Amino acid sequence: MGNLIKGSELGAYKTIAMSVGVASKENRNGVKSRFLVLVVRDEDSAAAKSKRIIFWDEDVPGLIDKIKPFTAPNPNPVTKGFDVDMNAMNAADNAADFADYLRFPGMIEEQYELAKGPCYANNADGERILDAAGNPVVRSTISVLTQVKFIMPDGSMKYFSGMDPYSTGARMESRFWREAVNAASTQSDGVVGAPDIPENPAPQAAPQTPF
């Protein structure tokens with residue numbers, strides 16, 4: 001039997017950029033959903049590929065409202081989201097409110113098999129995402145970021161609440177992989193040779209003030 005290992009010993013991801021967006025269409029409740037996008041990277045390598053973590057309003061109640069004073073007045077012309085001034089946020093009196101979203105000890109990348117089988121990728125408005133050739137993007141497996149609390153002596157992992165592969169993957173599937181397709185139409189499972197598109201598509205915010 002091995003020893004208990006803290007997830008923090010695996011390393012950590014740090015947040016290098018933040019933005020706030022809003023869906024351009026109303027959801028089932030007649031509300032335009034807001035979301036917070038964190039761009040994170042393995043803090044042990046400046047050359048590591050960045051990843052995105054997306055939190056919707058209901059995932060982090062009140063957080064987006066707290067971040068509101070630090071957002072740009074106009075949307076980013078490329079991402080369409082409202083960039084967050086992280087320097088001003090870190091210097092604010094309530095900076096401690098954001099500390100848990102700036103560094104994620106024990107974060108690792110894992111694979112999640114979509115529960116519905118192969119699905120079309122969609123954006124925040126539910127519209128299909130197309131690859132460079134104009135074809136709908138289809139995946140049966142996606143990459144998700146999880147956060148390990150402990151590795152048990154038997155090698156099994158214990159995760160922080162809500163940050164296990166199933167919980168994280170299910171949230172992504174419900175938001176960005178809503179529509180199942182016939183398995184026979186699958187173009188790619190996200191393996192080598194797949195189109196160069198994000199495995200977890202980023203939502204595109206409308207160029208309007210979300211607050």
Side-chain angles (χ1 to χ4, degrees), residues 12-29 31-43 49-109 112 121-127 129 142-147 159-165 167-178 198-211:
Y13 275 64
K14 65 179 181 180
T15 300
I16 59 175
M18 304 173 71
S19 65
V20 173
V22 60
S24 62
K25 296 181 180 179
E26 295 180 349
N27 60 24
R28 298 181 184 89
N29 299 319
V31 177
K32 293 182 179 179
S33 300
R34 299 185 304 177
F35 48 85
L36 173 67
V37 180
L38 306 183
V39 180
V40 299
R41 185 175 63 205
D42 189 327
E43 70 176 7
K49 183 178 179 180
S50 62
K51 304 287 184 179
R52 284 186 299 273
I53 304 175
I54 301 171
F55 292 109
W56 295 77
D57 239 345
E58 55 266 37
D59 298 329
V60 285
L63 180 62
I64 292 178
D65 286 328
K66 289 183 179 180
I67 290 176
K68 174 183 173 180
F70 311 109
T71 56
N74 299 308
N76 184 302
V78 176
T79 67
K80 309 303 182 185
F82 293 77
D83 295 335
V84 175
D85 185 340
M86 293 179 60
N87 290 329
M89 188 179 71
N90 289 328
D93 292 339
N94 62 337
D97 293 342
F98 315 114
D100 289 341
Y101 301 94
L102 299 179
R103 188 174 184 274
F104 297 87
M107 180 163 277
I108 60 174
E109 185 175 0
Y112 170 78
N122 62 265
N123 61 19
D125 294 323
E127 300 166 339
I129 292 177
I142 60 174
S143 294
V144 296
L145 292 174
T146 63
Q147 196 171 9
Y159 298 87
F160 286 94
S161 178
M163 293 299 290
D164 59 279
S167 298
T168 305
R171 286 197 300 271
M172 295 301 299
E173 181 171 357
S174 68
R175 293 290 188 178
F176 301 113
W177 305 90
R178 301 177 188 172
E199 291 173 325
N200 295 333
Q204 296 298 306
Q208 54 182 286
T209 302
F211 306 111

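Numbers here simply count residues along the sequence, with the first being 1. Remember, predicted model here, so these are calculated numbers, not experimental data.
- Of all heavy-atom pairs between P75 and K80, the closest is CB-O, 3.6 Å.
- Between the CH2 atom in W177 and the CD1 atom in I142 there is a gap of 6.5 Å [rounded to 0.5 Å].
- Qualifying side-chain hydrogen bond (donor to acceptor under 3.5 Å, both in side chains) partners for S33, counting only residues two or more places apart in sequence or in other chains: N27.
- Of the possible donor and acceptor atoms, none in the side chain of N90 sits under 3.5 Å from a partner among the backbone N and O of A95.
- Between the CE atom of M107 and the CG atom of D42 there is a distance of 11.0 Å, given to the nearest 0.5 Å.
- Every side-chain contact (heavy atoms from CB on, under 4.5 Å) that R103 has, sequence neighbours left out, goes to A12, E43, P105.
- Here T146 pairs with I108, E110, V144, Y159, P165 under the side-chain contact (heavy atoms from CB on, under 4.5 Å) rule; sequence neighbours left out.
- Considering only heavy atoms from C-beta on, S19 stays 4.5 Å or farther from F82 through its side chain.
- Here the side chain of D125 pairs no donor or acceptor atom with the backbone of E127 at under 3.5 angstrom.
- Residues I53 and Y13 fail the side-chain proximity criterion, which asks for heavy atoms closer than 4.5 Å.
- In terms of the side-chain hydrogen bond (donor to acceptor under 3.5 Å, both in side chains) criterion, R41 has no residue partners (sequence neighbours excluded).
- Under the rule for a ring pair (Phe, Tyr, Trp, His ring centres under 6.0 Å), Y112 has no partner lying at least two apart in sequence or in another chain.
- Counting only heavy atoms from C-beta outward, the side chains of L63 and F55 never approach each other to under 4.5 Å.
- For D85, there are no side-chain hydrogen bond (donor to acceptor under 3.5 Å, both in side chains) partners two or more places apart in sequence or in a different chain.
- Taking 4.5 Å as the limit, every side-chain heavy atom of I54 sits out of range of all side-chain heavy atoms of R175.
- Among pairs with a residue in residues 86-98, those fulfilling salt bridge (charged side-chain N to carboxylate O under 4.0 Å, His left out) read K66-D97, at least two apart in sequence or across chains.
- Shown here are the salt bridge (Lys or Arg N to Asp or Glu O under 4.0 Å) partners of D57, two or more places apart in sequence or in another chain: R34.
- Here CD1 of I67 is found 9.5 Å from CE of M86. Values are rounded to the nearest 0.5 Å.
- Annotation: the span from N122 atom CG to I129 atom CD1 amounts to 6.5 Å, rounded to 0.5 Å.
- At least one side-chain heavy atom of L102 sits less than 4.5 Å from a side-chain heavy atom of M18.
- Side-chain atoms of S50 never come within 3.5 Å of backbone atoms of V39 as a donor-acceptor pair (strictly under, hydrogens ignored).
- Residues forming a side-chain contact (heavy atoms from CB on, under 4.5 Å) with A92 (at least two apart in sequence, or on another chain): F70, N94.
- Here the shortest heavy-atom pairing between A124 and A23 reads O-CB, 4.0 Å.
- Taken to the nearest 0.5 Å, the CZ atom of F160 stands 5.0 Å off from the CD atom of Q147.
- Under the side-chain hydrogen bond (donor to acceptor under 3.5 Å, both in side chains) criterion, S167 pairs with D164, sequence neighbours left out.
- Side-chain atoms of D59 come within 3.5 Å of backbone N or O of W56 as a donor-acceptor pair.
- Taking every heavy atom of both residues into account, T168 and L145 meet most closely at CG2-O, 3.4 Å.
- Annotation: the span from F98 atom CZ to T15 atom OG1 amounts to 12.5 Å, rounded to 0.5 Å.
- K14 is linked by a salt bridge (Lys or Arg N to Asp or Glu O under 4.0 Å) to nothing, counting only residues two or more places apart in sequence or in another chain.
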